[in-house]
Structure formats: C-alpha cells, structure tokens
Amino acid sequence: MPELPEVESFRKEIDPSALNKEISTITVHDDYILKMPTKEFKEALIGKKFTRTERRGKYLFIHFDSKNLMLHFAMSGTVKYYNNPKNEPEYSKIQIEFKNGDYLSIVSVRKLGRVQIVNEISEYAKENEIGPDALKLTLDEFKMIMENKKRSYAKTALMDQSAISGIGNEYSDEILFQAKIYPKTKISTLKSATIETLYESILEVLNTAIELNIKNTKFPNEYLMLHRDKEENCPKCGSGIKRYEISSRHGFYCPKCQSE
DNA sequence: CGTCCTGTTATCGG
DNA sequence: GCCGATAACAGGAC
C-alpha cells in the first residue's frame with residue numbers, strides 16, 4: 001500500500017545508505033516486475049553508482065549516470081538495505097550488491113509493481129500521465145486542477161494520478177476525513193473555501209505522515225487511519241465510522257463529521 | 001476452500 | 001472526451 005509518504009520513507013532509507021557506492025552484482029530472482037530485459041538491466045547498472053533520489057507521487061527515481069532506476073511499488077512493494085546476505089528479505093525480487101559488500105533489495109510480496117530504467121523523469125512523467133506531486137502544488141494550481149475535475153467525486157479526484165500524484169485509497173479517506181468532506185461529494189458543489197480546506201488537509205495529512213516516518217510509527221489518535229479497519233468510533237465526534245464503496249473499492253468515513 | 005485487498009490499466013456504458 | 005463501474009492482475013492473510 002505504499003502511497004506518497006511511504007515512498008518518501010523508502011527514499012529516506014536509500015539516501016544515507018545506497019548512494020555513491022559502486023554496483024558490483026545484480027541478482028534477479030523474479031523478472032516479472034522488471035519491465036525490460038534482465039540482461040539490459042544488469043548491463044546498464046553494473047559498475048555504476050547511484051547519485052541521488054527523486055520522488056514523484058508514488059514513483060521513486062534513483063539517479064545514475066544520466067539515467068534513473070525507476071521503482072513503482074504498487075500494493076506490496078518495498079526496499080531494504082542490509083549488509084549481510086543472510087538478511088535478504090523474503091520476496092526480494094531484485095538484489096543489488098555493492099562493491100563494499102552491502103545490498104539493496106527491491107521487494108514485492110505480490111507481482112504487481114514496476115522496475116525499469118528511464119531517461120528523463122519529466123519525460124517519463126509525461127508519457128505515463130503522472131501529474132504534479134501532491135506536496136509540490138500551490139493553492140492556485142490545486143484550484144485549477146479541481147476545476148478540471150469538477151464532475152468527479154471528491155475521493156476520485158484526489159486519487160487521479162494524472163491530476164495529482166501520490167494519493168491513494170487510504171490517504172484520500174484520511175484527507176477527506178480531516179477536511180470534513182463526504183467522499184462522494186461532487187467537486188463542482190464545493191465552495192471555494194472548502195477547496196482551500198481540502199488543499200490544506202492534503203498537505204497536513206501527507207506532511208504529518210512523512211514527519212512521523214509512517215512506515216515505522218502510527219498516526220495520532222485523531223486520525224481516521226487508526227480506526228478505519230475495525231469500524232470503530234470516530235476519534236473526533238464518537239459516532240460510528242462507516243464503510244462505503246466507490247468504484248468497487250472500499251473506504252471509510254464518519255457520516256456525522258462528513259455529512260452528505 | 002473462498003474472500004479480501006492494494007494500485008493501475010483496460011474496457012464498457014452513460 | 002470525461003466519468004463511474006467493473007474486472008483483471010497476483011498471491012498472502014484470514
């Protein structure tokens with residue numbers, strides 16, 4: 001379930017560990033998520049050093065030479081850095097060994113996800129309709145995007161990666177909960193002030209998750225995230241959290257705080 | 001055993 | 001062409 005904050009935590013794991021080390025060996029255990037020939041992949045990386053990382057939405061780019069190793073984690077992906085081959089994680093699909101004896105594994109429990117070498121990030125983003133990163137939007141840009149998505153449900157608009165990249169099912173529920181917006185509200189019916197609230201909630205929720213390094217910690221109690229799965233009571237008003245369905249995907253909301 | 005569930009993509013109908 | 005609904009993908013968890 002990596003959404004923007006989880007991918008950001010992967011980036012923060014890689015930055016102090018896997019950069020500026022010569023790649024010596026690449027072992028591909030399962031080439032299903034590798035969207036290019038294994039031979040070509042290895043040849044491009046062996047002998048090279050990663051120099052920096054860049055995240056865009058749920059995509060992570062690891063720069064080397066003038067190219068990028070692109071990782072998309074889909075539903076079950078993660079990365080792990082370690083220095084003893086015995087610690088190679090379960091479901092490690094691709095293992096990158098550095099000359100100093102350290103390793104970086106690209107892990108995916110299921111086979112969904114993408115690993116690829118791409119040139120320009122902006123070019124890749126354009127070709128694959130990856131919209132602007134949710135944390136790099138100005139309020140004016142956000143308003144323009146919402147104007148273009150005005151016929152959509154609020155939830156669907158937030159999750160449209162071509163409009164804004166980085167927000168998935170769980171975070172969209174959390175953002176709408178904090179903004180007190182019913183998920184199936186049509187964007188066109190939102191007042192300008194509510195759009196601003198929505199914008200602020202996006203930043204607040206995503207930045208909170210990043211600051212907490214959410215991969216390893218939990219959200220504060222007043223977040224929906226902790227209470228959603230068990231359909232507990234709303235941490236703000238105490239009434240029951242309700243499960244709903246949207247495009248055959250399920251979500252949660254508080255009917256009292258997020259009235260229709 | 002069947003159902004759930006995640007992100008993305010393709011396809012269909014409105 | 002935009003939108004929502006649906007299924008497909010894959011497989012571990014329950």
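Chain letters run A, B, ... following the sequence lines, proteins first, then strands; residues in each count from 1. Just the heavy atoms: all of them, side chains too, but no hydrogens, waters or symmetry mates, feed the values below. Because the structure is predicted, anything quoted here is derived from the model rather than measured.
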Distance-only side-chain donor-acceptor flag, A:Lys236 / A:Gln178, under 3.5 Å = yes

How many Å lie between CG on A:Asp173 and P on B:dC5, as a whole number?
-> 12 Å

What nucleotide, of B:dC5, C:dG4, B:dG7, holds the atom closest to the side chain of A:Ala74?
-> B:dG7

Separation between CG (A:Leu4) and CZ (A:Arg11), nearest 0.5 Å, reads 10.5 Å

In whole angstroms, the gap separating C1' of C:dG12 from CE of A:Met75 amounts to 12 Å

Residues of residues 149-163 of chain A with any non-hydrogen atom less than 4.0 angstrom from an atom of DNA chain C: list those, numerically ordered, please.
-> A:Lys149, A:Arg151, A:Ser152, A:Tyr153, A:Thr156

Per A:His250 side chain, nearest of listed nucleotides C:dA10, B:dT8, B:dC5 = B:dC5

Nearest-Å distance, OH (A:Tyr244) to P (B:dC5)?
-> 13 Å

Proximity to the side chain of A:Asn169 - top-ranked nucleotide from C:dA10, B:dG7, C:dG4 | B:dG7

May I ask you to evaluate whether A:Arg114 reaches the phosphate of C:dC9, defined as a side-chain N or O under 4.0 Å from OP1 or OP2?
-> no

What parts of residues 118-130 of chain A reach DNA chain C, counting only heavy atoms under 4.0 Å away?
-> none

Using distance alone, with no hydrogens and no angle criterion, decide if A:Thr138 and A:Asp140 have a side-chain donor and acceptor under 3.5 Å apart.
-> no

Should the pair A:Phe98 and A:Tyr81 be assigned to parallel (<30°), tilted (30 to 60°) or perpendicular (>60°) ring geometry?
-> tilted

Report yes or no: does A:Lys93 contribute a side-chain atom to a donor-acceptor pair with the main-chain N or O of A:Ser108 at less than 3.5 Å?
-> yes

Presence of A:His72 side-chain N/O under 4.0 Å of B:dT8 phosphate oxygens OP1/OP2 = yes

A:Ile246 has its side chain closest, among B:dG7, C:dA5, C:dG12, to C:dA5

Considering only heavy atoms from C-beta outward, does the side chain of A:Leu19 approach that of A:Asp15 to under 4.5 Å?
-> yes

To the nearest Å, how far apart are A:Ile33 CD1 and B:dG7 P?
-> 17 Å

Parallel, tilted or perpendicular: which describes the rings of A:Tyr199 and A:Phe142, with under 30° parallel and over 60° perpendicular?
-> tilted

A:Asn148 near the nucleic acid: base, sugar-phosphate alone, or nothing, with a heavy-atom cut-off under 4.0 Å?
-> sugar-phosphate

Rounded to whole angstroms, how far apart are CD on A:Glu170 and C1' on B:dC4?
-> 14 Å

Residue whose closest nucleotide on DNA chain C lies nearer the 5' end, A:Tyr91 versus A:Glu245 = A:Glu245

What integer distance in Å separates A:Lys93:NZ from C:dG12:C1'?
-> 11 Å

If we ignore angles and hydrogens, is there a donor and acceptor under 3.5 Å between the side chains of A:Asn87 and A:Lys80?
-> no

Answer yes or no: is there a donor N or O on one side and an acceptor on the other, between the side chain of A:Gln161 and the main chain of A:Gly166, under 3.5 Å?
-> yes

Please say whether the positively charged group of A:Lys180, taken as NZ for Lys or CZ for Arg, lies over the ring of A:Tyr182, i.e. under 6.0 angstrom from the six-membered ring centre and within 45 degrees of the axis.
-> no

Given atom CG of A:Asp30 and atom P of C:dC9, what is their separation to the nearest angstrom?
-> 17 Å

Between P of C:dC2 and CD of A:Glu147, the distance in whole Å | 14 Å

